[in-house]
Amino acid sequence: MDYLDVLNDEQRKAVLHEGASLLILAGAGSGKTRVITTKVAWLIREKGYDPRSILALTFTNKAAREMSSRAQGIEPLAASVLMRTFHSFGAWFLRRNHALAGLPAGFVIYDDDDSAALLSSIMEDAPRAEVKEAARLIARAKDYFLGPEDALLAKVDHRLNFRKLYAAYEERLKAIGNVDFGDLIKKPVELLRNNADLKRQMQSRFKCILVDEYQDSNIAQFELLKELSGPESYVCVVGDDDQSIYRFRGAEVRNILDFPTLFDNVDIIRLVQNYRSTTQILQLAGTVVNKNKGRLGKELVAVRGSGKKPVLSYVANQQEEAVFCATLIKGSLAAGAQYSDWAILYRTNAQSQTFQTLFTEQQIPYQVVGALRFYEREEIKDALALLSLLANPKDEVAFRRVANKPTRGIGPSAMDKILMSETLSTDTDIPGLSTKAKQGLMEFIAALDEGKKTLNPDKTVREVNAYMRHEVRGSSTVVRGSKIKNTVRGVEGLSKTIAVLVNESGIARYHVERDEISGQDRLENLQELANAATPYAANMDGLLEFLEHLELDREAVSEANNKILSENEKPDLVTLITLHNTKGLEFPRVIITGLEQGIFPREDKQGEDMEEERRLFYVGVTRAMNELYLTSCRSRFLYGRTTIQTASVFLKEAGMENMQVLGSSANNFSHYPGREFMSTLPGGGVPAPKTSSDGRWTTGNKVYHDEMGYGAVVAIQEDEQDGPLITVQFENGRQKTFLSLYQSKNYDKIGSEY
DNA sequence: GTCGCTTCCTTTTTT
DNA sequence: AGGAAGCGAC
């Protein structure tokens with residue numbers, strides 16, 4: 001029983017809890033994963049649960065893998081526990097019950113881009129922004145478990161048109177026979193509701209259901225949990241309302257707040273002892289999140305010592321910000337720290353660029369988590385579209401994408417005509433199709449057929465795929481890049497299929513020829529994709545498994561290849577990561593960058609959204625074990641121009657007493673009413689007033705603008721061509737830069753926008 | 001139907 | 001700054 005000895009009282013209580021339902025409110029760093037994994041082990045070992053009767057749901061693949069490996073570390077039998085993300089579970093479920101769900105066996109999962117592509121073919125010539133917005137709303141509707149007919153759909157969008165559009169989209173998707181992300185949750189719920197047998201079968205299989213990060217579940221996921229759990233089930237959810245950061249994609253905090261009333265006989269256990277961070281870091285985190293109104297309210301108890309005071313550094317711009325980070329990191333090495341002790345956190349992926357450039361220059365090894373847009377690259381999506389067409393020939397999104405690439409005379413009108421006809425086949429006579437288009441279509445179908453020939457028609461079971469994956473990964477059979485630089489090579493398994501498809505269809509050649517330099521890169525990417533497919537069986541099951549894996553776990557490709565490169569040794573790397581992606585992680589030393597209004601928090605955030613932004617800051621801060629640094633830029637190069645930045649409101653909220661300040665802020669704080677507050681700023685206060693070269697403006701001047709209302713001059717820059725540029729902070733929170741020329745004498749008006 | 005030039009528009013965060 | 005869509009020319 002020694003594995004239970006490492007737990008504190010609360011944790012042990014949670015592990016040993018029995019009954020109907022358990023809600024574990026687990027603060028940051030309170031050993032939540034340890035509790036779940038230990039509980040899984042305990043259920044198997046002490047309570048005699050069949051591992052296959054336990055289902056553990058998470059929100060990220062990383063979390064699922066981590067959970068699985070840690071549980072297996074305690075109890076090897078935990079390998080048979082189904083530990084998956086909600087979406088991956090949904091895919092698993094639909095794959096096994098596709099017939100009941102009215103889906104073809106080879107259904108493919110559409111990502112947001114594919115959904116938008118389908119939608120745009122419905123919305124004819126609507127601007128892309130409109131299409132994307134509509135796609136977003138449909139996804140949101142599915143998050144809330146709302147169909148086109150639902151009365152409550154107005155909650156998502158009240159326009160009558162939206163209902164029609166949503167219905168049309170659903171119809172098309174059904175005709176194609178594919179599903180989107182939202183369907184992976186929504187369809188299983190519908191299936192379970194309409195099929196008592198299936199429901200009974202599922203409820204008797206899963207005797208115990210555990211959900212991690214429950215605060216980020218949406219309504220549809222809640223419904224799924226409800227359907228899966230029967231009167232005999234044991235349901236245990238773990239979460240922290242302070243770490244709810246996915247409202248924007250439909251997460252519903254009420255799920256966790258109301259859990260006790262939504263499930264029967266709920267016991268609540270709180271884990272508040274924080275083992276991760278030093279007291280000073282926790283204090284800063286707590287000070288900020290305390291400003292939120294909509295929270296259960298809990299105080300973390302620090303177990304560790306006081307530690308080092310968090311440091312706030314004002315820097316000139318993002319270059320200096322990167323230099324500051326590099327200097328910190330390099331300096332720490334002498335003191336015995338490693339690169340991997342460090343994580344650099346930012347609000348948006350785009351911010352990682354500056355760090356990457358500088359770190360490469362200074363030879364600081366790093367890894368970028370999450371932003372690897374490998375999967376979103378044009379050539380990769382092209383190759384996957386070809387594969388998708390083998391799995392589901394009716395996939396019109398895929399067809400539109402690649403049928404005329406390279407051009408073979410199938411233009412938009414020909415494309416429509418072809419898609420009007422039922423199946424994708426040469427012997428179908430398509431009315432009104434030009435000879436050229438017909439010829440092109442035959443070529444395209446011939447290429448697909450070549451790909452199909454590489455697939456073994458035998459139905460090989462999944463175990464064989466798993467076996468192959470195990471065998472091949474890390475072996476030397478992987479091709480690194482072909483010598484003849486215009487084709488992709490495939491060695492074994494599914495890699496052959498990809499090689500044949502991209503070569504025969506001309507996609508490989510198309511990309512190579514289109515651009516001499518980037519063409520080679522693209523070819524290498526295609527090669528990498530083929531390499532990643534090597535472990536998968538060359539049959540329909542292997543193909544579906546591969547597509548599903550990529551669709552649901554976007555980092556899969558690069559990870560598979562990284563594993564081969566690095567073998568057993570863990571590389572010593574600095575981590576560059578978005579704040580959202582850090583959930584569940586911890587690092588000895590953390591730098592949260594870009595603490596500026598408009599960046600973090602984003603300018604348009606208010607009310608509930610602002611509270612979420614605050615929670616995101618809380619999540620970031622509580623990742624740090626020993627040292628925490630915050631950086632804020634005075635100016636930033638954004639949207640192709642330099643913008644004067646205002647320090648983040650979070651810096652003020654965190655409390656000056658909770659941090660040590662380096663450098664000084666020349667910034668105004670938009671959320672303060674006047675200049676007087678500037679002297680209260682951390683770091684020293686009012687910069688010396690500056691006057692423009694034409695003598696017309698001095699920082700601090702009050703101004704009035706017809707549209708923007710009242711404001712104050714917060715910065716003056718001199719431009720070689722345009723003369724003085726006056727940056728004004730308005731009371732409405734916006735900031736604008738103007739030319740000096742048009743002001744009137746009494747400073748009541750300012751002129752044309754710069 | 002295809003190619004190339006111009007304009008305008010963009011940036012959250014993720015399964 | 002950089003990419004995508006739109007427009008006009010072959």
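It should be emphasised that the depicted structure is a prediction, and the values quoted were computed from it without experimental measurement. The chains referred to below are lettered A, B, ... by the order of the sequence lines, with proteins before strands, and numbering in each begins at 1. Values below: every heavy atom of this structure, side chains too, minus hydrogens, waters and symmetry copies.
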Exercise for the section: Could you tell me which residues satisfy ring pair (Phe, Tyr, Trp, His ring centres under 6.0 Å) with A/Phe587, sequence neighbours excluded, listed by chain and number? Expected result: none
Problem - Contacts of type ring pair (Phe, Tyr, Trp, His ring centres under 6.0 Å), residue A/Tyr618, not counting sequence neighbours - result: none
Exercise for the section: Produce a footprint string for nucleotides 1-10 of chain C: one letter per nucleotide, 5' end first; B if the base is under 4.0 Å from any protein heavy atom, S if only the sugar-phosphate is, - if neither. Expected result: S--SS-----
Exercise for the section: Give a yes/no answer on whether the side chain of A/Asn61 brings an N or O atom under 4.0 Å of OP1 or OP2 in B/dT14. Expected result: no
Completion exercise
With the side chain defined as heavy atoms from C-beta on, A/Ala414 is closest, among B/dT14, B/dT11, B/dG1, to B/dG1
Practice task
Give one of base, sugar-phosphate or nothing for A/Phe86, where a contact means two heavy atoms less than 4.0 Å apart.
Solution key: nothing
Practice task
Would you indicate, yes or no, if B/dT14 has its OP1 or OP2 atom less than 4.0 angstrom from a side-chain nitrogen or oxygen of A/Asn581?
Solution key: yes
Completion exercise
side-chain contact (heavy atoms from CB on, under 4.5 Å) filter on A/Ala446, not counting sequence neighbours, yields none
Practice task
Could you list the residues that satisfy ring pair (Phe, Tyr, Trp, His ring centres under 6.0 Å) with A/Tyr629, not counting sequence neighbours?
Solution key: A/Trp342
Fill in the blank from the handout: Taken in chain and number order and not counting sequence neighbours, the residues that satisfy side-chain contact (heavy atoms from CB on, under 4.5 Å) with A/Arg509 are A/Glu513
Problem - Side-chain-base donor-acceptor pair under 3.5 Å for A/Arg249 and B/dT15 - result: no
Exercise for the section: Name the closest nucleotide to the A/His87 side chain, picking from B/dT14, B/dT15, B/dT12. Expected result: B/dT15
Practice task
Would you jot down, in residue-number order, the residues of residues 176-185 of chain A having a non-hydrogen atom under 4.0 Å from DNA chain B?
Solution key: A/Phe181
Problem - Pi stacking test for A/Phe248 and B/dT13: under 5.5 Å apart, planes under 30° - result: yes
Problem - P-based separation of C/dG6 from B/dT11 [nearest Å] - result: 15 Å
Fill in the blank from the handout: A/Ala135 meets the side-chain contact (heavy atoms from CB on, under 4.5 Å) criterion, sequence neighbours left out, with A/Ala116, A/Leu119
Exercise for the section: Check ring pair (Phe, Tyr, Trp, His ring centres under 6.0 Å) between A/Phe181 and all other residues, then give those that pass, not counting sequence neighbours. Expected result: A/His87
Exercise for the section: Using the six-membered ring of A/Tyr510, assess whether NZ or CZ of A/Arg522 lies under 6.0 Å from its centre and within 45 degrees of the ring axis. Expected result: no
